[in-house]
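Residue numbers count from 1 along this sequence. Atoms within each ligand, like the ligands themselves, are counted from 1 in listed order.
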Amino acid sequence: MTEIFKNLIAGEWVGAAKTSRNINPSNTNDVVGEYAQGSVEDLNNAVAAAKAAFPAWGRSNPQERYEILKKASDEILARREELGKLLSREEGKTLPEGIGEATRAGQIFAFFAGECLRLGGEAIPSVRPGVGVEVTREPVGIVGMITPWNFPIAIPAWKLAPALAYGNCVVLKPADLVPGSAWALVDIIQRAGLPKGVLNLVMGRGSVVGQALLEHKDVHAISFTGSVNTGRKVAAACIAGNPMKKVQLEMGGKNPLVVLDDADLKTAVETAVNGAFFSTGQRCTASSRLIVQNGIHDRFVDAVGERLKNLVVDDALKSGTHIGPVVDQSQLDQDMKYIAIAKDEGAKLHWGGELLNRETPGFYLQPALFTETTNAMRISREEVFGPVANVVRAKDYEEALALANDTEFGLSAGICTTSLKYATHFRRNSEAGMVMVNLPTAGVDYHVPFGGRKGSSYGPREQGAYAKEFYTTVKTAYTLA
Ligand code: NAD
């Protein structure tokens, strides 16, 4: 009997008329569970519950919030292996990657437990005699969250932890494709002692639950992570409504990794393979554009090709698997479409790109590496979101930097070099929000800001102490003494 997972509304688990099947992409015969597909009415009830809970929670004692977040962190970390397994089963990243992501969720809650106690304000001398000025931060109110499928526990965690730490009430709509990890996370936080209605979970379709969340007049802010196309609609809806909503968007990438002639070849190959192909290339920070200087180009391409031949693509939960399956049929179709586009554009397929059969039916794709591509080709300009990368040649550092910045996106960018001069210049002149030197473009710390520029991000940064820019609003108070 398949287990049915309900929505959390006003502190109660509430069933829905419709459910959707959460399928294991490593084995499509394996059903992870049936998850509620919420309605507009469910969403409205969730917002009403959040609104009713806000006056008390918004003024709650930071010690109370600290204890709840710390307790949630402790349980996430104690159950990291079980949560990691659920994550890998529903999303398809390998078990070590799944456990790593669950661990990160626990660490984020520990960090923001501390932040509950650290939120301060400022007392500033007035320019007028006898007047005192005080600047304080208050919660924004009711925050709606819309999350994607590729980090099913970390992204809900890095939005929920600061929102709750700073006294907001929340309605979370996770990705309909992969709701299991978000459900487990919400269950843990709720049992950690949250008052009813502070946190609500409404699973379901973006066009139904997500859209209703964007249009609800009692929601004050929306934090969204997902594709650029959806992000634009989210921002437009937030501004169109009355009152307008505060909005934060984290979206796609076409992240460059520059490899200079002076790079350590082994470091460059590992950095490229990890950044481009691990987690099945399904990371917004994946280095899908490898910009390689002529002198090292052939050695680099051959070494990456050899490394790819030795990577095991198989069931995400099997030990020894390096790359799990693609998340579902529709993402696999998109990957295959871009492989065909690259070939049509004249790119040379150096390795991979074939569908693979394994013991169980799943969405297995050999990682694909294209060479002889230009930065003008669609394979260089559009986000594929799969294990597909292409190499663009550069004659020198200056051309490599120009190519790296010649993109609509600006999330993460990397360089492999042993030159301090080039590393420093790249850090200063890259037009990305995050820059990596001799490290993969994907893979970031949990206590520092995360986010991009240009088409990749909009609004205040996520994570670390910077998260308060979004989850609090500033009040300036003047007092005549
Ligand atoms: P998506 O845009 O299809 O969906 C994201 C979320 O939006 C889902 O919960 C979906 O149900 C919801 N949604 C869809 N239509 C909606 C609507 N009309 N109104 C409200 N909500 C709606 O993205 P996805 O396929 O789930 O995720 C992949 C994308 O996410 C990639 O582009 C990737 O780069 C991006 N991503 C970005 C970051 C980052 O931090 N920059 C992190 C992870 C993923």
Side-chain angles (χ1 to χ4, degrees), residues 20 35 37-38 40 43 90-91 93 101 104 144-159 171-179 181-182 201-216 219 222-238 240-241 245 247-255 279-288 326-328 330-335 338 382-386 407-412 432-434 441-444 446 449-463 467 470:
S20 102
Y35 287 79
Q37 287 266 297
V40 172
L43 185 276
E90 69 170 348
E91 198 267 354
K93 59 183 70 169
E101 188 180 326
R104 183 188 177 89
M145 297 177 179
I146 300 177
T147 57
W149 52 262
N150 67 326
F151 283 96
I153 196 163
I155 293 181
W158 80 51
K159 293 185 191 298
V171 178
L172 168 66
K173 194 220 80 72
D176 30 346
L177 189 60
V178 177
S181 302
L201 171 74
V202 187
M203 300 175 285
R205 300 199 62 83
S207 54
V208 179
V209 178
Q211 194 65 36
L213 188 57
L214 298 179
E215 289 169 4
H216 203 296
V219 173
I222 296 284
S223 180
F224 167 86
T225 302
S227 63
V228 176
N229 280 346
T230 314
R232 280 190 198 285
K233 288 185 208 160
V234 168
C238 287
K245 296 176 177 47
V247 63
Q248 170 183 63
L249 310 174
E250 286 299 342
M251 299 169 288
K254 194 74 206 177
N255 309 290
S279 297
T280 323
Q282 297 173 154
R283 295 186 286 198
C284 48
T285 46
S287 36
S288 48
V326 170
V327 73
D328 73 345
S330 126
Q331 182 60 49
L332 184 62
D333 291 345
Q334 176 162 312
D335 298 348
Y338 274 101
E382 297 169 23
E383 185 183 48
V384 179
F385 219 55
T407 169
E408 285 176 15
F409 297 103
L411 188 55
S412 182
M434 296 175 291
T441 52
V444 294
Y446 64 85
F450 176 96
R453 299 181 184 177
K454 301 201 272 189
S456 291
S457 298
Y458 182 82
R461 286 282 188 273
E462 300 205 77
Q463 302 195 49
F470 183 72

Using a 3.5 Å cut-off and no angle test, enumerate the donor-acceptor pairs between side-chain atoms of residues 147-159 and protein atoms at least two apart in sequence or in another chain.
| from | atom 1 | to | atom 2 | distance (Å) |
| --- | --- | --- | --- | --- |
| N150 | ND2 | Q282 | O | 3.1 |
| W158 | NE1 | E462 | OE1 | 3.3 |
| W158 | NE1 | E462 | OE2 | 3.2 |
| K159 | NZ | S223 | OG | 2.8 |
| K159 | NZ | T225 | OG1 | 2.8 |
| K159 | NZ | E462 | OE1 | 3.1 |
| K159 | NZ | E462 | OE2 | 3.3 |

Modelled atom types, side-chain donor and acceptor of T441 and S412, under 3.5 Å: no
Side-chain donor-acceptor pair present, E383, S288, cut-off under 3.5 Å: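 No - no donor-acceptor pair under 3.5 Å links their side chains.
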Any N or O of [X] closer than 3.5 Å to N or O of ligand 1:
X	value
E462	no
S227	yes
Q211	yes
R205	no
M251	yes

Can you tell if the side chain of [X] reaches within under 4.5 Å of the side chain of [Y], non-hydrogen atoms only?
X	Y	value
E90	V327	no
T407	K454	yes
L214	I146	yes
L43	H216	yes
M203	P179	yes
F409	N255	no
V219	L213	yes
Q37	D176	yes

The one among L177, T230, V178 that brings a heavy atom closest to atom 14 (C) of ligand 1: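 Answer by nearest heavy atom: T230.
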From C284, A212, G433 - option closest to atom 42 (C) of ligand 1 by heavy atom: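 The nearest heavy atom belongs to C284.
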Which bit of [X] is near ligand 1, meaning a heavy atom under 4.0 Å away: side chain, backbone, both or neither?
X	answer
E383	side chain
I155	side chain
N150	side chain
V228	neither

What is the closest protein heavy atom to [atom], and at what distance does it sit?
atom	result
atom 40 (O) of ligand 1	F450 CE2, 3.1 Å
atom 7 (O) of ligand 1	I146 CG2, 3.2 Å
atom 27 (O) of ligand 1	P148 CB, 3.3 Å
atom 9 (O) of ligand 1	T147 O, 2.8 Å
atom 10 (C) of ligand 1	K173 NZ, 4.0 Å
atom 35 (C) of ligand 1	G226 O, 3.2 Å
atom 26 (O) of ligand 1	W149 CD1, 3.1 Å
atom 17 (C) of ligand 1	G206 O, 3.4 Å

Exam field: side chain Q331 to backbone F385, donor-acceptor pair closer than 3.5 Å: yes
Backbone N/O of G204 and side chain of K173: donor-acceptor pair under 3.5 Å: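 Judged by distance alone, yes, a pair lies under 3.5 Å.
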Heavy atoms of other groups near R205 CZ, more than 12 under 6.0 Å: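 It does not: R205 CZ has 12 such atoms or fewer within range.
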Y338, OH: over 12 other non-hydrogen atoms inside 6.0 angstrom: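 Buried by this count: over 12 neighbours within 6.0 Å.
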Would you mind listing which atoms of ligand 1 come within a distance below 4.0 Å of any non-hydrogen atom of [X]?
X	value
L214	19 (N), 20 (C)
L411	41 (N)
D176	11 (O)
F224	2 (O), 5 (C), 6 (C), 7 (O)
A175	9 (O)
G252	32 (O), 34 (O)
G210	19 (N), 20 (C), 21 (N)

Min heavy-atom dist T225 to ligand 1 below 4.0 Å: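 Right, T225 reaches ligand 1.
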Cationic N near anionic O, under 4.0 Å, E382 to K254: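 A salt bridge is absent here (no side-chain N lies under 4.0 Å from a carboxylate O).
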